[in-house]
Structure formats: structure tokens, C-alpha cells
There are 2 protein chains.
Amino acid sequence: MVEPTGLEQMVCFQLYAASRAMTGLYRPALDALGLTYPQYLAMRVLWQRGDITVRDLGTILDLDSGTLSPLLKRLETQGLVRRERGTTDERTVIVGLTDRGTALRDQAAHVPERIACAVDLTDDEFAQLHHLLGKVRASVTTTI
Amino acid sequence: MVEPTGLEQMVCFQLYAASRAMTGLYRPALDALGLTYPQYLAMRVLWQRGDITVRDLGTILDLDSGTLSPLLKRLETQGLVRRERGTTDERTVIVGLTDRGTALRDQAAHVPERIACAVDLTDDEFAQLHHLLGKVRASVTTTI
DNA sequence: CCGTTACTAGTTGCGCACAACTTAATTGCG
DNA sequence: CGCAATTAAGTTGTGCGCAACTAGTAACGG
């Protein structure tokens with residue numbers, strides 16, 4: 001689809017570097033909440049959707065139990081999350097918010113605007129980028 | 001620059017997910033070479049530029065010595081790279097390719113095309129994505 | 001009903017990332 | 001020159017990501 005020497009390599013590296021730069025941008029705001037970026041993503045899903053199995057959380061975040069189990073254990077240790085076995089299917093574990101976890105939502109409310117201000121893209125460019133990243137993810141994941 | 005509730009969050013997550021998906025796409029090809037993706041990036045810089053200090057390598061890859069030192073040590077253990085103190089400035093360490101490291105370039109030559117074929121973007125879209133990621137990186141890093 | 005197969009979480013091990021710190025060398029300023 | 005400030009690389013500690021594996025549960029086919 002493209003000459004193989006430079007461009008697509010550059011795109012992949014740009015992706016890798018831009019992703020790390022963006023999570024670095026979140027770091028100060030999230031440090032104040034005591035969260036890492038992946039923990040923040042998990043909390044966002046919980047704030048939006050409430051109780052959820054580890055499996056479904058993994059599907060949404062594109063992470064497996066090898067990553068999520070210890071991450072959720074740390075959130076549980078912080079008192080933000082509780083975990084309990086599913087009743088109908090005892091293989092599953094259902095993750096839910098504690099009161100402290102629910103309360104954190106308000107403190108985290110200001111985070112996205114702090115980020116948006118720092119990234120110098122127009123609405124159109126945001127939408128374009130979103131579209132292109134979606135295409136990349138779709139084509140890469142279907143390639144498996 | 002944008003309503004703070006959804007879009008920019010999605011973009012950041014898309015970036016995070018797309019980056020991991022892309023490195024996952026490299027994995028089979030790089031496994032065959034015995035390299036991880038960050039190791040492959042370091043080798044690419046060495047193939048292009050020859051001897052380089054750890055500092056300059058870090059500037060190019062946007063990584064610090066905390067990441068590079070152990071990574072380069074592993075490449076050295078594999079016999080792909082040698083490290084020696086700079087003569088004029090003994091604080092620096094100059095990284096260079098061994099014969100085995102140089103030879104690996106030919107085996108790695110086919111990697112980029114394998115990736116490009118799997119990502120379903122036109123040349124224009126690749127260029128757009130490259131441009132937008134560059135803007136993100138630039139605005140994020142200058143924000144520091 | 002029973003055994004095989006599939007599925008869900010969790011664990012282990014390794015290699016990043018990154019913050020914080022250490023060591024050693026250089027630079028700069030009085 | 002002499003010493004403080006700066007710089008380069010390395011070390012330590014924590015938290016991902018992901019492969020490979022384990023334990024326990026559910027589903028299914030005969």
C-alpha cells in the first residue's frame with residue numbers, strides 16, 4: 001500500500017511517541033488523584049457503565065487479565081473498587097465502584113479540559129485523527 | 001479548543017490502543033529476529049546513523065537512560081551492539097554496531113513491508129496521520 | 001450422568017517507561 | 001586555580017503489557 005522504507009515506520013514510531021507524550025500530559029493531573037493512566041481509563045469505564053466483569057472491561061480497554069488483575073487489585077487496595085464473584089457464573093468477577101471510587105469522579109471531572117487545552121488541534125483535526133486511529137485499530141486487529 | 005467531555009479523551013485512548021495494536025503487529029516479525037519493538041527502533045537508528053551516544057539516541061527515541069541503559073545492555077548481551085566510553089568526554093557512552101548487529105539489518109529489511117500491507121490506509125491517509133501525530137507531539141512536548 | 005472441551009481470572013516472568021536517586025566527569029564563574 | 005553547578009549514564013523501585021501457564025467453573029456431546 002505504500003513504499004516500505006520510511007513512512008509507515010515513521011507512523012508507527014510517531015504513534016508510539018505520541019501515545020507516551022499524551023499519557024505524560026495526563027500524569028500531573030492524575031498524580032493528584034493517585035491514579036495512573038490505565039487506572040484512570042478503568043475508572044472512566046466504571047463511572048460510565050457501573051458494575052462490569054473483568055472480561056468486559058478487558059474487551060473495552062483491549063487489555064487481558066494479566067494486566068487487569070493486578071491493576072484492579074491496586075484500585076481495590078486504594079479503596080476505589082470492590083471485586084466479587086458473579087453469582088450466576090462463578091468464573092466471572094464483577095468489578096464495581098465503592099463510595100470513594102464514585103466520589104473520585106467529581107475530582108476527576110476537570111481532567112479532560114486540562115488536556116484538551118494543551119493539545120493544539122482544531123475540532124476538525126481531532127475528528128480526523130480519531131477517524132484515522134480507528135481505521136488503524138480496525139485494520140490491525142482484523143489482521144489477526 | 002474542544003468540548004472537554006468525550007472527544008479528546010477518546011483520541012488519547014485511541015492513541016494508546018492504536019500504538020499497542022501496531023507494536024503487536026510488529027511482534028511476530030521481530031520475534032523472528034529476537035528483538036522487541038523498542039530494541040528494533042534503537043537498531044534502526046544505529047543502522048541509519050552509526051555510532052551514537054546514549055544521550056543522542058535518547059533524544060531521537062524520546063527515551064531516558066533509565067529505559068535505554070538496560071535495553072542497550074540486553075542488545076550488548078545478544079552481541080548486536082558494543083558500548084564504550086567516549087574519549088573526549090568520559091561521561092558519554094558511545095553505542096555502535098557489531099558485525100552481528102550490522103548483519104541483522106538485511107534480515108530486518110523485509111519487516112516494514114509486512115507491516116505496511118497489514119495497515120489498511122492510503123498514502124494520503126498515512127501522510128495525514130503522520131502530520132497530525134507530529135502536531136500532537138509538538139504541542140504536547142512544548143507544553144512542558 | 002460423565003468426561004471432554006471451552007472459558008474466566010489469576011499468577012509468573014520479562015521487558016519496557018518513568019520517577020528519583022547515585023556516581024563520575026565536565027563546565028563555568030569567581 | 002578551586003569549587004559550585006551542570007551534565008551523562010547507570011541503578012532502583014513501581015506499574016504496566018503481554019506471553020505462557022494454572023485453577024476453577026461452565027457447557028456440551030455421547
Side-chain angles (χ1 to χ4, degrees), chain A residues 13 15-28 30-31 33-43 52-59 61-78 81 83-95 141 144, chain B residues 13 15-28 30-31 33-43 52-59 61-78 81 83-95 141 144:
Chain A
F13 172 69
L15 216 45
Y16 161 81
S19 174
R20 288 188 297 118
M22 281 292 285
T23 68
L25 195 56
Y26 275 86
R27 209 178 312 279
L30 296 182
D31 277 352
L33 304 175
L35 294 175
T36 64
Y37 182 68
Q39 288 169 6
Y40 171 69
L41 291 179
M43 291 300 288
I52 191 172
T53 62
V54 173
R55 187 190 113 82
D56 288 347
L57 187 57
T59 302
L61 299 178
D62 197 21
L63 292 171
D64 67 0
S65 69
T67 301
L68 284 177
S69 288
L71 184 152
L72 293 170
K73 196 189 283 186
R74 282 185 282 272
L75 289 179
E76 193 178 35
T77 304
Q78 286 192 58
V81 147
R83 290 188 294 168
E84 48 199 31
R85 286 278 157 191
T87 48
T88 59
D89 185 343
E90 289 220 343
R91 287 172 302 183
T92 65
V93 165
I94 293 160
V95 185
T141 49
I144 305 169
Chain B
F13 171 68
L15 216 44
Y16 161 80
S19 174
R20 288 187 296 118
M22 280 292 284
T23 69
L25 194 57
Y26 275 85
R27 209 179 311 280
L30 295 182
D31 277 353
L33 303 175
L35 294 176
T36 64
Y37 182 69
Q39 288 169 5
Y40 171 69
L41 291 178
M43 291 300 287
I52 191 172
T53 62
V54 173
R55 187 190 115 79
D56 288 346
L57 188 57
T59 303
L61 298 179
D62 198 22
L63 292 170
D64 68 359
S65 68
T67 300
L68 284 178
S69 287
L71 184 152
L72 293 170
K73 196 188 283 185
R74 282 185 282 271
L75 289 179
E76 193 179 35
T77 304
Q78 287 193 57
V81 146
R83 290 188 295 167
E84 48 199 31
R85 287 277 157 190
T87 49
T88 60
D89 185 342
E90 290 220 343
R91 289 172 303 183
T92 66
V93 165
I94 293 160
V95 185
T141 51
I144 306 169

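Protein chains get the first letters and strands the later ones, always in sequence-line order, with residue 1 at the start of each. The structure presented is a predicted model; accordingly, all values stated were derived computationally and were not measured.
A distance of 7.5 Å separates OG1 of Thr67(B) from CZ of Arg20(A), quoted to the nearest 0.5 Å. Atom OG of Ser69(A) is separated from atom CG of Asp64(A) by 8.5 Å, given to the nearest 0.5 angstrom. Here the CZ-OG1 distance, from Arg91(B) to Thr53(B), works out to 11.0 Å after rounding to the nearest 0.5 Å. To the nearest 0.5 angstrom, Leu63(B) atom CG is 8.0 Å from Leu57(B) atom CG. Separating the OG1 atom in Thr92(A) from the CZ atom in Arg85(A) is a distance of 7.5 Å, to the nearest 0.5 Å. Met43(B) contributes atom CE, which lies 6.0 Å from atom CG of Leu75(B) (distance to the nearest 0.5 angstrom).
One interatomic measurement links the two molecules: CG of Leu35(A) to P of dC18(C), which rounds to 18 Å at whole-angstrom precision. Distance Asp62(A) CG to dC18(D) P: 7 Å, rounded to the nearest Å. Straight-line distance from the CG atom of Asp64(B) to the P atom of dC21(C): 15 Å, rounded to whole Å. One atom, CG of Asp31(B), and another, P of dA20(D), lie 8 Å apart when rounded to the nearest Å. Following rounding to the nearest Å, Tyr40(B) (OH) and dC16(C) (P) show an atom-to-atom distance of 15 Å. Look at CZ on Arg27(B): it is 11 Å from C1' on dC16(C), rounded to the nearest Å. Separating the OH atom of Tyr26(B) from the P atom of dC18(D) is a distance of 16 Å, rounded to the nearest angstrom. Atoms CG (Leu57(A)) and P (dT8(C)) sit 14 Å apart, rounded to a whole Å.
At a threshold of 4.5 Å between non-hydrogen side-chain atoms, the residues Val93(A) and Leu72(A) do not count as touching.
Side-chain nitrogen and oxygen atoms of Arg20(B) include at least one within less than 4.0 Å of the OP1 or OP2 phosphate oxygen of dC18(D). Phosphate contact (OP1/OP2 of dG15(D), side-chain N/O of Gln39(A), threshold under 4.0 Å): absent. Contact between the side-chain N/O atoms of Arg85(B) and the OP1/OP2 oxygens of dA9(D) is not found at any separation under 4.0 Å. Between Arg91(B) and the phosphate of dG10(D), there is no side-chain N or O to OP1/OP2 separation shorter than 4.0 Å. For the OP1/OP2 pair of dC16(C) and a distance below 4.0 Å, the side-chain nitrogens and oxygens of Arg74(B) include at least one atom meeting the criterion. Put simply, Tyr16(A) has a side-chain N or O that comes within less than 4.0 Å of OP1 or OP2 on dA17(C).
Residue side chain Ser65(A) reaches the base of dG10(C) through a donor-acceptor N/O pair under 3.5 Å, judged by distance alone.
Thr53(B) comes within 4.0 angstrom of sugar-phosphate atoms only, judged by non-hydrogen atoms across all strands, and of no base. Among the protein residues, Ser19(B) comes within range of no part of the nucleic acid, since none of its heavy atoms lies under 4.0 Å from any strand.
For residues 66-73 of chain A, proximity to DNA chain C is found at Gly66(A), Ser69(A), Lys73(A), defined as any non-hydrogen atom under 4.0 angstrom from a strand atom.
Listed nucleotides dG17(D), dT26(C), dA9(D) differ in distance to Leu63(A); the shortest reach to its side chain belongs to dG17(D).
If Gly24(B) and Val54(B) are placed on DNA chain D by their nearest nucleotide, the residue sitting closer to the 5' end is Val54(B). Closest-nucleotide positions on DNA chain C for Ala21(A) and Val93(A) were compared, and the one nearer the 5' end corresponds to Val93(A).
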Less than 3.5 Å apart, which donor and acceptor atoms pair up between the side chains of residues 34-42 of chain B and the rest of the protein, not counting sequence neighbours?
unit_1: Thr36(B); atom_1: OG1; unit_2: Gln39(B); atom_2: N; d: 3.3
unit_1: Gln39(B); atom_1: OE1; unit_2: Thr36(B); atom_2: N; d: 3.1
unit_1: Tyr40(B); atom_1: OH; unit_2: Arg44(B); atom_2: NH1; d: 3.1

